[in-house]
Amino acid sequence: MTEMRATSAFCTIVPPHLLEQLARHEDPEVHHSARHSLALDAEHRDCRRLAIRSVVVPKPTLQPADSPQRTLYDARHHQGLPGIEVRAEGDRPSTDASVNRAYDGLGATFDFYLKAYGRHSVDGAGLPLHASVHYGEGYDNAFWNGSEMVFGDGDGKTFKDFTIPLEVIGHELTHGVTQYSANLTYDGQSGALNESVSDVFGSLIKQHALRQSAHDADWLIGEGLLETGVHGRALRSMKAPGTAYDDPRLGKDPQPAHMDHYVRTTDDNGGVHLNSGIPNHAFYLLATALGGYAWERAGRIWYDTLTGGKLPAGADFATFAQVTATAAQARYGDGEEKRAVLAAWAGVGVTPASHSSSVPHQSAAPEGAESAPQG
Amino acid sequence: MYIAVTRTGGFAGITRKAELETTGRPDARQLTDLARAALTASRSPAPSGAPDAFHYEITIDGTTINLADSEVSEAGRALIQAVLSQDKS
Ligand SMILES: [Zn+2]
């Protein structure tokens with residue numbers, strides 16, 4: 001058994017690591033309620049972080065499998081989760097295109113993290129992947145609820161089905177990866193970094209599937225999601241933030257590409273989907289400066305930053321930038337990679353925090369450390 | 001009755017706002033009933049919720065409530081749809 005060394009008075013009765021084990025249980029009666037609790041628990045992030053950090057998890061005795069364990073559900077236009085199971089791992093394709101796109105997208109994402117970085121699923125320990133499609137009525141959204149992915153069909157006027165762009169699927173699953181690693185707080189600059197990391201790896205998952213180089217990639221997020229008649233190519237552009245759409249109904253893409261245009265707002269957790277344009281563009285600058293496949297060196301530096309245990313949950317852009325420079329140096333030495341990282345941040349007006357002024361406390365445990373949730 | 005709805009968040013990061021005054025509308029009664037039901041069913045304060053989830057701010061006369069998408073009631077959902085569909089822009 002695992003032990004809880006400390007717990008918070010505000011935490012749920014069942015500790016999160018236990019819920020996570022239950023969530024992987026084969027019996028649907030067991031895993032459904034555990035997943036539900038985890039979803040509710042996602043609303044209590046602070047509690048969750050506290051609990052995760054204070055838990056001692058034994059080393060898994062079995063290596064996680066090199067293949068995904070996917071289950072697709074149909075929410076049948078309701079907003080209850082997960083809905084009815086419609087396709088399990090290894091089943092033949094469904095007659096429902098949304099189910100098959102989501103199934104394939106989960107597979108491409110699993111494949112990407114394993115082949116590019118040796119990571120087994122979102123938690124690094126083979127977590128089964130669950131997704132619900134046809135959520136709600138004309139629902140213009142996709143989200144990660146803390147334990148599974150959820151896709152709406154779109155309203156059919158402005159938005160198509162959210163399972164269409166592979167980078168949307170990759171974006172949502174990467175929220176899971178972040179949750180199990182740096183756990184960036186979804187507010188303000190750390191929230192914009194959480195969003196940006198999902199856009200970065202979402203785009204890399206698509207580039208990996210298409211074997212595209214940094215120069216061949218479109219660097220768009222939500223490409224193919226806008227209905228015909230809407231003036232726009234996508235929802236966001238990492239190459240040129242602020243240019244993805246300009247439409248009478250949607251307005252103009254408001255993303256900044258530089259700190260000079262950082263948006264101060266209380267909406268959307270402090271503009272997490274707006275200011276993500278700044279670190280998004282920094283990554284684009286790095287990837288195109290290095291050339292080749294962006295998931296190789298540029299992506300590796302970002303992945304090391306996210307999972308290396310040196311990034312505080314409340315990191316701002318300057319702290320994140322400093323950790324990327326450290327990660328570049330640690331993996332590639334004092335060479336072109338580190339210089340390109342620093343140039344990329346300079347290009348978006350971010351000065352990396354100096355070592356002395358960086359947040360020294362509460363860095364997450366590195367992946368693979370005994371105290372990390374993924375063991 | 002004055003009713004305003006603001007939806008923020010979501011994968012697209014696009015905010016939608018709309019408002020209406022029920023006086024003189026043929027559906028005034030329905031809207032008023034929905035608004036009362038939505039207020040009764042609401043919990044507060046709203047948690048920050050899941051990544052990319054929608055958030056709603058609903059103002060009914062002088063009262064404002066904040067809701068995560070996962071905690072919107074049936075009445076609330078119907079009210080949100082009715083008000084946001086006013087927004088033709
Ligand atoms: Zn997101």
Side-chain angles (χ1 to χ4, degrees), chain A residues 39-40 42-46 79 81 136-147 149-152 158-159 162 168 171-172 174-176 178-179 184-187 191 194-195 198 221-222 225-226 235-236 245 248-251 253-255 265-269 271-277, chain B residues 4-20 27 30-31 34 37-38 40-59 63-89:
Chain A
L40 291 175
E43 297 175 0
H44 304 283
R45 303 258 156 177
D46 289 342
Q79 293 195 216
L81 287 172
E137 296 268 8
Y139 195 78
D140 282 337
N141 204 15
F143 62 93
W144 167 260
N145 80 344
S147 59
M149 304 187 50
V150 184
F151 300 94
T158 306
F159 292 104
F162 277 71
V168 172
H171 174 111
E172 295 309 329
T174 301
H175 278 308
T178 299
Q179 178 183 317
L184 290 159
T185 308
Y186 205 67
D187 187 56
N194 190 322
E195 267 307 306
S198 273
I221 303 297
L225 188 58
L226 296 171
L235 287 172
R236 294 186 276 281
Y245 59 87
R249 221 170 352 160
L250 287 178
D253 175 3
Q255 276 212 315
T265 172
T266 54
D267 281 356
D268 190 22
N269 296 87
V272 296
H273 291 89
L274 300 183
N275 293 315
S276 57
Chain B
V5 173
T6 302
R7 188 189 79 193
T8 59
F11 181 84
I14 295 169
T15 295
R16 289 192 64 194
K17 293 180 196 209
E19 57 182 6
L20 57 80
D27 56 356
Q30 279 167 283
L31 287 167
L34 277 178
T40 313
S42 76
R43 287 191 285 141
S44 61
S48 63
D52 298 321
F54 286 137
H55 293 259
Y56 295 97
E57 183 183 276
I58 305 174
T59 300
T63 307
T64 297
I65 54 172
N66 284 281
L67 295 167
D69 193 31
S70 57
E71 51 182 18
V72 177
S73 63
E74 288 293 309
R77 219 163 280 296
L79 182 73
I80 287 164
Q81 222 221 322
V83 176
L84 287 183
S85 67
Q86 303 291 299
D87 176 22
K88 296 284 189 274
S89 65

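Letters A, B, ... mirror the listed sequences (proteins, then strands); counts begin at 1. Computed from a predicted model, the values in this text were never measured in an experiment.
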Problem - Min side-chain heavy-atom separation A/H273-B/I14 under 4.5 Å - result: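 In short, these two side chains do not touch, never coming nearer than 4.5 Å.
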
Exercise for the section: Please tell me if the side chains of A/H171 and B/D52 come closer than 4.5 Å, counting only heavy atoms from C-beta onward. Expected result: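 In short, these two side chains touch, coming nearer than 4.5 Å.
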
Exercise for the section: Could you tell me which residues satisfy side chain to side chain donor-acceptor pair (under 3.5 Å) with A/S276, sequence neighbours excluded, listed by chain and number? Expected result: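 Side chain to side chain donor-acceptor pair (under 3.5 Å) check on A/S276 returns A/Q255.
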
Problem - Residues in side chain to side chain donor-acceptor pair (under 3.5 Å) contact with B/D69, at least two apart in sequence or another chain - result: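 So B/D69 forms a side chain to side chain donor-acceptor pair (under 3.5 Å) with A/Y139, B/R77.
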
Problem - Under 4.5 Å from a heavy atom of chain B, the part of A/E172 involved - result: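 For A/E172, side-chain heavy atoms alone lie under 4.5 Å from chain B.
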
Problem - Region of A/V272 in contact with chain B, defined by heavy-atom distances below 4.5 Å - result: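 A/V272 has no heavy atom closer than 4.5 Å to chain B.
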
Which pair of non-hydrogen atoms, one from [X] and one from [Y], has the smallest distance, and what is that distance?
X: A/F143; Y: B/A53; value: CB-N, 4.0 Å
X: B/A12; Y: A/F159; value: CB-CZ, 4.0 Å
X: A/A142; Y: B/F11; value: O-CB, 3.8 Å

Handout entry: Rounded distance (nearest 0.5 Å) linking atom CZ of B/R7 with atom CG of A/D140
Key =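 The CG atom of A/D140 is 6.0 Å from CZ of B/R7, to the nearest 0.5 Å.
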
Problem - Rounded distance (nearest 0.5 Å) linking atom CG of A/N141 with atom CZ of B/F54 - result: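 One finds 4.0 Å between CG of A/N141 and CZ of B/F54.
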
